[in-house]
Amino acid sequence: MENQYIIKGGTPLHGEVNISGAKNAALGILAAAIMTDETVVIDNLPNVRDINVLLDAIEGIGATVNRISPHAVEINGSTISSMTIDYDSIRKIRASYYLLGALLGKYRRAQVALPGGCDIGSRPIDQHLKGFRALGASVNIEYGMINTEADQLRGNHIFLDVVSVGATINIMLASCMAEGKTIIENAAKEPHIVDVANFLNSMGAEIKGAGTDKIRITGVQRLHTSEYSIIPDQIEAGTFMIAAAATKGDVLIKNVIPKHLEAISVKLIEIGATVEEFDDAVRVSASQRLRHSQIKTLPYPGFPTDMQPQIATLLALSEGTSTVTESIFENRFKYVDELTRMGASIKVEGNVAIIEGVEGFTGTTISAPDLRAGAALVVAGLVSEGYTTVDSIKYIERGYENFEDKLNALGASMEKIPVDDERAVQKFKLKVG
Ligand code: EPZ
């Protein structure tokens, strides 16, 4: 049964929220966990759909997956019996292609369906494959499958033509048990790259320089057991920061690494919000209408593309003309039409959104086009006059744990209800008044 959110906007968010583990770090870490035959324990796992789907794919190849709690899992890769990840898994979760690097690195062969484009654009994986080939693997694409195999993987000096999170992680996975040294130049520097490297190192890998653009990997013979806790989710935290500012609220966002949020904090301060940093928390508040700005998405430490729809939503309510340039993905402005239906004034020209700030939004029925845009539309609903329903929330549930509960605990009025359930709508309206 499909669900939707119904939101009554207009309440400033107040209070404290705890941020879950980082989805995009967890995806790499879960794939890495199959690379040892010993049992690995992973904690601070976000309980979101993408993670559960990847765990199914990992179980599907024969690994033993034991969910100790909603936020912890034990994985044992010694029972793996298949080297094949089919299109069904890849279609549900693109990141199951991390199993390509993990299986190739461990067993010297893998067969994984080639992912297609997705909701945010065409997403080639040529850099991943270039990396595998540089390590000495053969890579052939036939009947929609990537077949990769190597008698021996040998370290190499690899220059990425584009900064890619996925390619950097996949090459780390494939090379950490290769013969000799691998160097990845022009590597991605996102916090989740560092977390995957730290996890692999905790299993005995020798990876240095993660978090810089030059990662050096010395191959080891084998990896061993580890107990590891995933870092907090930078994008979930950033989304709550924007929600606090957009609703003119005051929220303490806990269990974060403030350093990872700097690009977002700096922008919020620039447009007039207050951001206070603590050791493992940030407090965001705003009391008046914010100002316009210019934003361009860039690889870390630049402004994250995964925060682009959320900040654009905030700027759509801020005073003056703002521009938001999307430089990572080609199709990440699909939410603009929905925001326009709520009263925003945004024109997209190529990869630039030109935003004329409006005083407020009004609620209507909108549809989440993808994960982050979906979250941005929820934020828009929280500040709109009247009721907003957001459809296709399955996208939002891919990456936000208990989104509605966390927002309601901050004073929002929203509920998850079945699509087309008029009675549930009426009940909600009666409840919130
Ligand atoms: C990761 O995607 C994230 N996903 C995305 O998060 C995020 O938007 C993106 O990084 C950018 O930060 C995961 O970590 C699972 P890329 P990824 O490879 O690895 C081009 C979310 O909302 N490219 O860094 O696929 C590519 O087309 C999601 O949580 C190539 O040309 O991103 C893009 O323009 C969505 N060839 C750019 O590089 C390649 O071989 C960056 O992509 C690989 C990428």
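Keep in mind the model is a prediction, meaning the values are calculated, not measured. First listed ligand is number 1; within each ligand, the first listed atom is number 1.
Counting only non-hydrogen atoms, the option in V162, I169, I193 that gets closest to atom 38 (O) of ligand 1 is V162. The residue among L27, D306, D370 with a heavy atom at the shortest distance from atom 28 (C) of ligand 1 is D306. When the options F329, Y395, Y300, Y98 are ranked by their closest heavy atom to atom 26 (C) of ligand 1, first place goes to F329.
Annotation: I328 places an N or O atom under 3.5 Å from an N or O atom of ligand 1; distance criterion only. Residue V165 places at least one N or O, backbone or side chain, under 3.5 Å from an N or O of ligand 1. Looking at T305 next to ligand 1, no N or O pair under 3.5 Å apart turns up.
Taking a cutoff of 4.0 Å between a charged side-chain nitrogen and a carboxylate oxygen, D88 and K92 qualify as a salt bridge. The pair D56-R49 does not meet the salt-bridge criterion, since no charged nitrogen lies less than 4.0 angstrom from a carboxylate oxygen. Salt-bridge formation is detected for the pair K416/E404: a Lys NZ or Arg NE/NH1/NH2 atom is positioned less than 4.0 Å from an Asp or Glu carboxylate oxygen. Checked for salt-bridge contact, K267 and E270 meet the test: a charged N lies under 4.0 Å from a carboxylate O.
Atom 15 (C) of ligand 1 has N24 OD1, 3.4 Å as its closest protein atom, hydrogens excluded (heavy atom only). With hydrogens left out, the protein atom closest to atom 36 (N) of ligand 1 is D126 OD1, 2.8 Å, a heavy atom. In terms of protein heavy-atom proximity, atom 39 (C) of ligand 1 is closest to P124 O, 3.0 Å. When only non-hydrogen protein atoms are considered, atom 18 (O) of ligand 1 lies nearest to S164 OG, 2.6 Å. When hydrogens are left out, the protein atom nearest atom 22 (O) of ligand 1 is R372 NE, 2.8 Å; that is the closest non-hydrogen contact.
In the vicinity of K23, heavy-atom distances shorter than 4.0 Å reach the ligand 1 atoms 21 (C), 29 (O). Numbered from 1 in the order shown, with element, the atoms of ligand 1 that lie under 4.0 Å from a heavy atom of Y97 read 19 (O), 25 (O). Within ligand 1, the atoms closer than 4.0 Å to a non-hydrogen atom of Q127 are 36 (N), 39 (C), 40 (O), numbered from 1 in the order shown. Those atoms of ligand 1 that come under 4.0 Å of a heavy atom in H128, given as number and element, are 40 (O). Within ligand 1, counting atoms from 1 as listed, the ones closer than 4.0 Å to a heavy atom of V163 are 24 (O), 41 (C). Atoms of ligand 1 lying under 4.0 Å from any heavy atom of G166, numbered from 1 in the order shown and given with element: 18 (O), 19 (O). Distances below 4.0 Å separate heavy atoms of I125 from the following atoms of ligand 1: 39 (C), 40 (O). Taking every non-hydrogen atom of R123 and a distance limit under 4.0 Å, the qualifying atoms of ligand 1 come out as 2 (O), 17 (P), 25 (O).
For R332, the closest heavy-atom approach to ligand 1 falls below 4.0 Å. For A188, the closest heavy-atom approach to ligand 1 does not fall below 4.0 Å.
Counting only distance, with no hydrogens or angles, the side chain of D195 and the backbone of P191 share no donor-acceptor pair below 3.5 Å. At least one donor-acceptor pair closer than 3.5 Å links the side chain of T36 to the backbone N or O of L223.
Looking at A167 against ligand 1, nothing comes within 4.0 Å, counting heavy atoms.
Of all the heavy atoms in M177 and R222, the pair that sits closest is SD-CA, 3.8 Å. Minimum heavy-atom separation, A412 to N408: O-OD1, 2.8 Å.
In this model, no donor atom of one side chain and acceptor atom of the other lie less than 3.5 Å apart for S138 and E149. A donor atom on one side chain and an acceptor atom on the other are found under 3.5 Å apart for Q111 and N147.
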Determine whether T325 and N351 satisfy the following criterion, side-chain hydrogen bond (donor to acceptor under 3.5 Å, both in side chains), listing intermediate values before the conclusion. CA-CA 6 Å; T325 306; N351 67 340; 5.7 Å; no
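With a 4.5 Å cut-off on side-chain heavy atoms, V220 and T218 do not count as touching.
Atom NZ of K130 sits in a crowded spot, with more than 12 heavy atoms from other residues, nucleotides or ligands closer than 6.0 Å.
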